[in-house]
Amino acid sequence: MISIQLKPKKEESLQRFHPWVFSGAIQRIEGSPAEGDLVEVLDNGRKFLAIGHYQIGSIAVRVVSFEDIPVDTEFWSLKIKKAYEMRVSLGLIVQGQNNTYRLIHGEGDSLPGLIVDIYDDTAVMQAHSVGMHETRQILAEAIVKNVPEVKNVYYKSETTLPFNAPITPEDGYLIGKETKELSAIENGLKFHVDWLKGQKTGFFVDQRENRSLLERYSSGKSVLNMFCYTGGFSVYALRGGAKLVHSVDSSAKAIDLTEKNVEANFPNDPRHTSFDEDAFKYLNNLPHNDQKYDLIILDPPAFAKHREAIRNALKGYKRLNAKAFEQIKPGGILFTFSCSQVITKDQFRLAVFSAAAESKRNVRILHQLTQPADHPINIYHPEGEYLKGLVLWVE
Ligand code: SAH
């Protein structure tokens with residue numbers, strides 16, 4: 001295995017189990033590793049620190065082991081097994097009630113660069129590093145071996161791998177094949193998950209607990225689910241007894257999915273209507289429709305995908321939330337989210353605070369939300385915390 005020797009003192013973050021080696025910390029690379037190769041990381045005195053996947057870019061190594069052990073089929077299998085056992089122990093897999101969860105959450109499961117979501121008997125796997133891409137078949141086999149429910153593994157990494165890597169990833173089944181269309185059950189609700197064409201792995205599993213919370217507050221309310229995608233929040237609101245639910249998304253495909261999912265759970269329910277429209281346009285035109293809401297959900301796509309975009313993203317969050325504060329009924333509840341990893345909880349809260357102040361309305365924080373237990377945050381890798389939400393009472 002090729003060795004990478006660090007500059008003096010650069011071993012400290014690895015000794016605290018942070019799983020990344022930045023290129024600036026490297027003194028010498030012995031040999032010429034290809035992107036995706038396993039490399040051994042040594043301190044300046046050549047003492048072993050970690051084994052990881054080599055990458056080209058500012059993160060040069062993503063650590064898969066802090067122990068000097070063989071990284072073989074058995075190694076990967078054990079990691080998958082441990083991740084599955086944790087989900088079982090958390091009670092996430094409940095026959096007939098819940099077969100939808102995240103099995104592997106990258107660094108949070110000590111598998112940097114790997115995401116795996118489970119929908120019934122299908123695992124959807126996404127690699128964010130060439131190392132994981134090259135290990136995909138071994139990982140797929142490890143999933144089928146350790147997760148008794150899973151028969152099929154779909155690989156979906158065409159858009160997630162570093163674009164300049166010398167590989168041509170192809171999406172497709174690594175094991176098994178598509179068996180049925182409607183397969184995801186989340187808290188007893190049915191969802192069509194289109195992993196072939198949908199965003200990410202096809203469904204946002206990370207909002208499961210937050211959708212449940214919304215359900216508790218929906219009874220008798222008029223609800224606006226902005227950025228609805230698959231209609232997750234809408235379906236929970238309907239089950240919670242909302243008197244009206246409006247779902248909005250600027251993508252026609254998302255509106256299609258939302259309608260399918262509402263239909264699958266509440267056929268011919270007159271309480272639900274969807275709108276294929278831009279969020280800002282919709283919120284701007286509300287006064288004309290005289291259509292204020294008791295409960296608004298704002299779950300937009302990540303406004304900042306990298307650090308340079310933070311300033312503009314914060315402006316975007318402020319503008320969007322200001323619109324909601326303008327439009328929500330007195331005594332309304334606002335669920336507002338940010339899934340931008342580079343934006344901190346405090347920054348997001350400040351953006352929402354500024355929007356609230358602008359509206360001059362009295363606003364109280366009822367809940368501070370985050371990602372669920374199947375999206376764990378490795379305590380040594382705080383960057384893994386990405387989902388932030390506030391539930392606000394707007395007087
Ligand atoms: N709330 C969803 C996930 C939202 S993903 C869930 O629980 O699953 C973000 C969604 O925002 C996508 O479906 C995307 O099509 C939509 N979107 C992006 N920009 C938009 C805009 N300007 N107006 C309305 N929808 C938008």
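Whatever order the structure lists them in is the order used to number ligands and atoms, beginning at 1. The first residue in the sequence is number 1, and the count goes up from there.
- Ranking protein heavy atoms by distance to atom 22 (N) of ligand 1, first place goes to D278 OD1, 2.7 Å.
- Selection from R208, Q207, M226, R211 by nearest heavy atom to atom 7 (O) of ligand 1 gives R211.
- Under the 4.0 angstrom criterion for non-hydrogen atoms, Q199 is in contact with ligand 1.
- Between R208 and E186 no salt bridge is recorded (no basic side-chain N to carboxylate O distance below 4.0 Å).
- Aromatic ring orientation, F203 versus F191: tilted (interplanar angle from 30° to 60°).
- Classification of the Y386-H105 ring pair by plane angle, with boundaries at 30° and 60°, yields tilted.
- Inspection of the T258 and S274 side chains reveals no N or O donor paired with an N or O acceptor under 3.5 Å.
- Less than 4.0 angstrom separates some heavy atom of F233 from each of these atoms of ligand 1: 7 (O).
- Ring-plane geometry between H53 and W76 is classed as parallel, the angle between the planes falling under 30 degrees on a 0 to 90 degree scale with a further cut at 60.
- Close N/O approach between F227 and ligand 1 is found [any backbone or side-chain N/O within under 3.5 Å].
- At least one heavy atom of E277 sits less than 4.0 Å from an atom of ligand 1.
- Partner V61 forms a side-chain contact (heavy atoms from CB on, under 4.5 Å) with one of V41, L6, L14 and no other, that one being V41.
- Looking from atom 5 (S) of ligand 1 to the surrounding protein, the closest heavy atom is F204 CE1, 3.8 Å.
- Here the heavy atom of the protein found nearest to atom 20 (C) of ligand 1 is S250 OG, 3.2 Å.
- Ring centers of H246 and Y282: at least 6.0 Å apart, outside the cut-off.
- Distances shorter than 4.0 angstrom occur between a heavy atom of A279 and an atom of ligand 1.
- For ligand 1, the atoms sitting less than 4.0 Å from at least one non-hydrogen atom of P301 are 9 (C), 11 (O), 18 (C), numbered in the order shown with element in parentheses.
- Taking the six-membered ring for Trp, H133 and Y155 have ring centres closer than 6.0 Å.
- Looking at ligand 1, you'll find an N or O of D249 within less than 3.5 Å of one of its N or O atoms.
- The nearest heavy-atom contact from the protein to atom 3 (C) of ligand 1 is D299 OD2, 3.4 Å.
- If you look at F204 and F337, their ring centroids are not closer than 6.0 Å.
- Close approach to S251 involves these atoms of ligand 1, each under 4.0 Å from a residue heavy atom: 15 (O).
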